[in-house]
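Reading through the structure tokens given below for one structure.
Computation of the quantities below employed the complete heavy-atom set of this structure, encompassing side-chain atoms and omitting hydrogens, waters and symmetry-equivalent molecules.
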Amino acid sequence: MGKTKLVIIGGVAGGATAAARARRLDEQAEIVLFERGEYISFANCGLPYYIGEVIKERDALFVTTPKKFKERYNIDIRNRAEVTALDRKSKKVEVKDLNTGETYWESYDKVILSPGAEPLRPPLEGIDLENIFSIRNIPDTDRIKAHVDSEGARSAVIVGGGYIGIEMAENLASRGVKTTVIEMLDQIMMPLDPEMAAMVQAHLTENGVTCELEKGVTSFSKNGDGIVVSTDAGDNIECDLVILSVGIRPENHLAKQAGLEISERGGIRVDGTMRTSDPDIYAVGDAVEVRDFITGMPTMTPLAGPANKQGRIAADNVMGRKSLFRGTLGTAVLKVFELTVTVTGANEKTLKANQIPYLKSYTHSVSHASYYPGAKNMSIKLLFSPGTGKILGAQIIGMDGVDKRIDVLATAIHGDMTVHDLEELELAYAPPYSSAKDPVNVAGFVAANILKGDVITTFWNDLPSGDGDKTVIVDLRNKEEIEKFGMIDGAANIPLPELRSRLGELDPEKLYIPYCRVGMRSYLGYRILSQNGFRVKNLSGGYMTYLGAHARSVKGM
């Protein structure tokens, strides 16, 4: 058997990883990597932070250069070379040299496609005006940063409240640019559930970023040197630059031209080995449709982590080593000013859409021992199966220690663990880093209590209004807390230490919903009331979840 000739189309996370892995597995293989841009591997996720001058040096964005990559891996790197056609019958690709304009054909034995995805530019009036940008690559970043550096940008509108849009909002605002995010849906950051996204929105507002929800942009127009962004709500917002962050679509032109199977959403269809409908062609990264780890349904996850893993797996299979991609959890982390925002697995919206039964819990824990200075609150939403307690998804928002907790939960989901396993996890503890009962343990305790029937919960969006004759909401906090932070409208105040002595004031015919700051005292109140014959539901997550869900600040609580 002769040596394999592998052609990789596209660099960055998927393609460059595949090339390096393939070389490590087969020193004799002929490997050619085509990249139509100038750079084969750059830190795509770092681009907003270079614009925000958190990353000071432009060169820091480059993971490697074509010269260094070629020297290390002995790979034929051809940047500024665009593959324009793929002939499966003759097993050749057509390549256009973007420096010279010349076109030629290159043969292959195997192909790995890593074309990525391109930003959407909706066909709106004025969309091609100067200073309306998308951000995908280094040249895009250079143009935006040059405009901000020239002090020509005192105000900005970001269209779309996804990951990139929120990262850009933070970095522009940090440079003194008055920033507005316009989102046509009823929340920012769709991977989060609405009440968790509302917490992030409140923090953005605290830091001077305006969020305009349920508004769609209808057109752009010029007003002197500025741009006017018009919405379907009748708003006309003037700014100096616009960042489009309304989503992406897979770059599937080459796959379509080659007759490969494409999904309804435009993703290149692959199996667990990352092989397309052609046994000699594999595909990875933002352009492919893969399996959702929780639902088992096809999904598309434009994240660097999965793209890297898929590149490695595709290279394994090309070189004869069996390797499978089991699916994606969509695990992600985002910095939003002082907050760290994380998600893994399915959210509540996805579980409902796929008719997957679930239970949920909210917990609020501090990042490390409360008596050690600097402890910060983190809010955890946990989703789990009603029968087995299998973990289905999690969202965590906080200021410190959030990333390591979401990684524990992502690992637990990947290992088919349950909330009972979370109770038993032995996690590292010392006062500067955690508590004897880690926030992950606490989330497990609370979820397990629900499964065991020790508590019946209700939620912020299920609270009754106007039926005080049948239901009583009881605030178990002390009067000083209520005076400082307020309370839920219509609630009665019975501080927890007084509850047992005041049971005679309560009506056994009514339903009682106790709450406190985060849910601990109200759980104790629930146990007291339920064991004394009262009908009770505990407000999961307490007043902190209630405030956050209404996009109100919980700072200082």
Side-chain angles (χ1 to χ4, degrees), residues 45 48 160-167 169-170 183 185-204 245 247-248 286 290-295 297 299-307 309 327-354 356 358-365 367 377-385 390-415 417 419 422 439-440 443-444 447 541 545 548-549 551:
C45 300
Y163 290 140
I164 297 297
I166 299 304
E167 285 178 340
E170 177 195 356
E183 171 57 61
L185 300 175
D186 60 358
Q187 68 166 91
I188 58 172
M189 297 189 65
M190 287 306 291
L192 295 176
D193 285 317
E195 73 279 18
M196 303 298 280
M199 296 181 191
V200 183
Q201 181 184 335
H203 190 67
L204 286 165
S245 182
I248 58 175
D286 296 357
V290 293
R291 174 185 172 273
D292 184 288
F293 193 88
I294 299 296
T295 68
M297 301 298 290
T299 189
M300 300 180 71
T301 306
L303 296 169
K309 294 172 185 65
T328 179
L329 288 173
T331 306
V333 59
L334 186 72
K335 178 183 177 296
V336 185
F337 295 101
E338 293 88 1
L339 282 185
T340 299
V341 182
T342 65
V343 60
T344 189
N347 57 29
E348 197 171 347
K349 295 170 291 191
T350 299
L351 294 172
K352 284 180 179 177
N354 287 277
I356 297 173
Y358 68 93
L359 295 171
K360 62 183 175 181
S361 66
Y362 300 95
T363 53
H364 302 274
S365 302
S367 52
N377 182 73
M378 67 176 71
S379 301
I380 302 178
K381 179 177 183 177
L382 192 66
L383 297 158
F384 51 98
S385 294
K390 182 179 175 180
I391 307 160
L392 302 174
Q395 298 157 48
I396 312 180
I397 298 173
M399 293 186 178
D400 187 32
V402 171
D403 51 342
K404 75 173 182 176
R405 271 65 182 221
I406 204 71
D407 285 344
V408 170
L409 291 172
T411 303
I413 295 172
H414 215 268
M417 295 172 69
V419 298
L422 299 186
V440 170
T545 294

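Contacts of K352 classified as side chain to side chain donor-acceptor pair (under 3.5 Å), with partners at least two apart in sequence or in another chain: none. Under the rule for a side chain to side chain donor-acceptor pair (under 3.5 Å), the partners of K360 that lie at least two apart in sequence or sit in another chain are E348. I356 is linked by a side chain to side chain contact (heavy atoms under 4.5 Å, CB included) to T295, L351, N354, L392, counting only residues two or more places apart in sequence or in another chain. Considering only residues two or more places apart in sequence or on other chains, A198 meets the side chain to side chain contact (heavy atoms under 4.5 Å, CB included) condition with A551. Annotation: side chain to side chain donor-acceptor pair (under 3.5 Å) contacts of Q187 (sequence neighbours excluded): K349. D400 meets the side chain to side chain donor-acceptor pair (under 3.5 Å) test with no other residue; sequence neighbours excluded. Checked against side chain to side chain contact (heavy atoms under 4.5 Å, CB included), A202 has no partners two or more places apart in sequence or in another chain. A search for salt bridge (charged side-chain N to carboxylate O under 4.0 Å, His left out) contacts involving K404 returns nothing, not counting sequence neighbours. With sequence neighbours excluded, the residues satisfying side chain to side chain contact (heavy atoms under 4.5 Å, CB included) with T328 are V290, T299, T301, P306, F325. Every residue meeting the salt bridge (charged side-chain N to carboxylate O under 4.0 Å, His left out) condition with E195, not counting sequence neighbours, appears here in chain and number order: K381. The ring-ring contact (aromatic ring centres under 6.0 Å, His included) test applied to F337 returns no partner, not counting sequence neighbours.
Across every non-hydrogen atom of I406 and A394, the tightest pair is CD1-O, 3.9 Å. Between N347 and P191, the shortest heavy-atom contact is ND2-O, 3.0 Å. Nearest heavy atoms, S367 versus R405: O-NH2, 3.2 Å. Here the shortest heavy-atom pairing between P439 and M378 reads CB-SD, 3.9 Å. For the pair S379 and H364, the tightest heavy-atom approach, listed with the atom from each and the gap, is OG-ND1, 2.8 Å. Scanning both residues, P302 and D286, for their nearest heavy atoms gives CA-OD1, 3.2 Å.
Here I391 contributes atom CD1 and I413 contributes atom CD1; the two are 6.0 Å apart, rounded to the nearest 0.5 Å. Atom CE of M300 and atom CD1 of I248 lie 7.0 Å apart (nearest 0.5 Å). How far CG of L303 is from SG of C45: 8.0 Å, rounded to the nearest 0.5 Å. To the nearest 0.5 Å, atom CG of residue L422 and atom CE of residue M417 are 6.0 Å apart. Note that CD1 of I188 is 8.5 Å distant from CD of E183, once rounded to the nearest 0.5 Å. Atoms OG1 and CG, from T344 and L383 in turn, are 11.0 Å apart once rounded to the nearest 0.5 Å.
The salt bridge (charged side-chain N to carboxylate O under 4.0 Å, His left out) contacts involving residues 327-341 comprise E170-K335, where partners must be two or more places apart or lie in separate chains.
A distance-only check finds a donor-acceptor pair linking the side chain of T342 to the backbone of I396 [under 3.5 Å]. With hydrogens and angles disregarded, no donor-acceptor distance shorter than 3.5 Å links the side chain of Q395 to the backbone of M196. Remark: the backbone N or O of M297 is not paired with any side-chain donor or acceptor of D292 at under 3.5 angstrom.
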Worked check of side-chain contact (heavy atoms from CB on, under 4.5 Å) between L329 and I294: CA-CA 7 Å; L329 288 173; I294 299 296; 4.2 Å; yes
### Evaluation steps, side-chain contact (heavy atoms from CB on, under 4.5 Å), between V419 and L382
CA-CA 9 Å; V419 298; L382 192 66; 3.9 Å; yes
(Q) Set out, in order, the CA-CA distance, both residues' side-chain angles and the distance that settles side-chain contact (heavy atoms from CB on, under 4.5 Å) for Y163 and M189, then state yes or no. (A) CA-CA 6 Å; Y163 290 140; M189 297 189 65; 3.7 Å; yes
